[in-house]
Amino acid sequence: MSEEIKLKKCGVRFDPPAIIVVYVSGSSRKHHRRTMPVRNFNKISAVQHTAKELREGKHKLYLEPMKVPQLEKLLTLIQANMKVISLNNNQTLDQTLKIDLDPSEDLNKLDDESLNQRKKVMDETFEKNRKKPGDAEYNYEVEVDFGGNIESCEWDDESDPEF
């Protein structure tokens with residue numbers, strides 16, 4: 001089964017827990033819905049481990065186009081529901097799903113899992129803000145005047161005048 005899959009939508013089912021994707025297959029161009037049960041998953045399960053198992057299991061074809069952080073977020077939603085976090089209380093849910101980056105935080109002191117989570121958030125933020133050739137706001141050569149006075153340094157006084 002080597003057909004191309006293009007994901008259109010993804011979601012979760014809470015009882016019994018499952019990941020649901022709506023996709024278009026490359027050959028037929030029809031919309032299909034796939035429900036993938038999340039077995040042996042509870043409120044203390046490791047989300048990253050479960051995401052890895054799902055992506056490498058028999059649902060690999062359907063989950064491969066999905067980004068790993070997105071799958072982890074869906075699993076965190078299921079886990080949050082298991083922990084009886086009210087979905088109406090968005091602030092609590094956002095705190096569960098969101099990793100805040102603190103610029104003063106020493107990343108050298110974090111364990112590998114926490115560091116990788118922070119790196120994923122930084123990569124996503126970078127990609128979201130990145131301007132690529134072809135974008136409307138893209139400018140090849142950006143010149144910025146930071147203002148302020150230019151200070152001369154003593155070490156530069158004896159430099160080559162031709163330079």
Side-chain angles (χ1 to χ4, degrees), residues 2-14 17-26 29-38 41 43-148:
S2 62
E3 61 182 281
E4 184 180 329
I5 299 291
K6 184 174 181 183
L7 291 182
K8 292 295 185 179
K9 295 180 186 179
C10 59
V12 296
R13 182 179 67 197
F14 294 121
I19 303 291
I20 302 169
V21 294
V22 176
Y23 64 93
V24 175
S25 63
R29 300 279 185 221
K30 291 183 181 179
H31 283 77
H32 302 278
R33 176 182 162 162
R34 177 86 172 188
T35 303
M36 296 160 277
V38 183
F41 187 68
K43 58 185 173 185
I44 59 170
S45 296
V47 172
Q48 291 83 9
H49 179 69
T50 306
K52 184 179 177 183
E53 282 182 348
L54 281 170
R55 286 180 63 89
E56 294 174 356
K58 71 176 191 176
H59 303 295
K60 180 180 181 179
L61 178 68
Y62 307 101
L63 294 176
E64 203 169 35
M66 185 184 296
K67 294 180 181 177
V68 175
Q70 185 177 12
L71 180 58
E72 289 175 358
K73 187 173 182 177
L74 293 173
L75 290 170
T76 305
L77 274 170
I78 293 172
Q79 199 170 50
N81 183 273
M82 290 177 174
K83 291 179 181 177
V84 191
I85 293 178
S86 172
L87 291 177
N88 295 331
N89 188 354
N90 289 334
Q91 184 178 7
T92 306
L93 185 61
D94 285 344
Q95 289 172 353
T96 304
L97 298 175
K98 187 177 174 182
I99 299 172
D100 289 328
L101 295 177
D102 181 13
S104 63
E105 182 178 27
D106 188 0
L107 299 178
N108 292 321
K109 295 180 180 177
L110 294 176
D111 60 302
D112 288 342
E113 186 175 324
S114 299
L115 180 62
N116 288 334
Q117 288 177 341
R118 304 261 186 323
K119 284 182 177 181
K120 283 180 190 177
V121 170
M122 287 188 268
D123 286 342
E124 287 176 2
T125 305
F126 173 78
E127 287 299 325
K128 184 173 65 174
N129 295 330
R130 186 173 137 186
K131 293 183 176 80
K132 302 174 199 162
D135 290 346
E137 303 90 31
Y138 178 76
N139 188 1
Y140 179 74
E141 188 173 330
V142 178
E143 293 182 18
V144 178
D145 183 21
F146 292 102

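- A distance of 10.5 Å separates CD of Gln48 from CG of Leu71, quoted to the nearest 0.5 Å.
- The shortest heavy-atom contact between Pro37 and Ala18 is CA-CB, 3.9 Å.
- Note that CD of Glu137 and CG of Asn129 are 11.0 Å apart. Values are rounded to the nearest 0.5 Å.
- Within a 6.0 Å sphere centred on CG of Asp112, other residues, nucleotides and ligands contribute 12 heavy atoms or fewer.
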Step by step, would you call Lys9 with Val21 a side chain to side chain contact (heavy atoms under 4.5 Å, CB included)?
CA-CA 6 Å; Lys9 295 180 186 179; Val21 294; over 6 Å; no

Using side chain to side chain contact (heavy atoms under 4.5 Å, CB included), reason through Gln117 and Val121 one step at a time and then give a plain yes or no.
CA-CA 6 Å; Gln117 288 177 341; Val121 170; 5.8 Å; no

Under the side chain to side chain contact (heavy atoms under 4.5 Å, CB included) criterion, do Ile20 and Cys10 qualify, and how do the steps go?
CA-CA 6 Å; Ile20 302 169; Cys10 59; over 6 Å; no

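- Within the 4.5 Å cutoff, the side chain of Glu56 has no heavy atoms near those of the Lys60 side chain.
- Evaluation of the side chain to side chain contact (heavy atoms under 4.5 Å, CB included) rule for Lys128 yields no partner, not counting sequence neighbours.
- Using a cutoff of 4.0 Å between basic side-chain nitrogens and carboxylate oxygens, Lys67 and Glu124 are not scored as salt-bridged.
- Within 6.0 Å of atom CZ in Arg13, more than 12 heavy atoms from other residues, nucleotides or ligands are found, so the atom counts as buried in its surroundings.
- Interatomic distance, CZ of Arg130 versus OH of Tyr138, reported as 10.0 Å (0.5 Å rounding).
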Between Leu75 and Val38, is the side chain to side chain contact (heavy atoms under 4.5 Å, CB included) condition met? List the steps.
CA-CA 9 Å; Leu75 290 170; Val38 183; 4.0 Å; yes

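- To the nearest 0.5 angstrom, Thr50 atom OG1 is 10.0 Å from Ile19 atom CD1.
- With rounding to the nearest 0.5 Å, the separation of CD in Glu4 from CG in Leu61 is 10.5 Å.
- A distance of 10.5 Å separates CG in Leu110 from NZ in Lys119, rounded to the nearest 0.5 Å.
- The shortest non-hydrogen separation linking Tyr62 to Met36 is CB-SD, 4.2 Å.
- Looking at residues two or more places apart in sequence or on another chain, you find a side chain to side chain contact (heavy atoms under 4.5 Å, CB included) between His32 and Tyr23, Ser25, Ser28, Lys30.
- With sequence neighbours excluded, the residues forming a salt bridge (charged side-chain N to carboxylate O under 4.0 Å, His left out) with Lys120 are Glu72, listed by chain and number.
- Without hydrogens or angle criteria, Arg55 side chain to Leu63 main chain gives a donor-acceptor distance under 3.5 Å.
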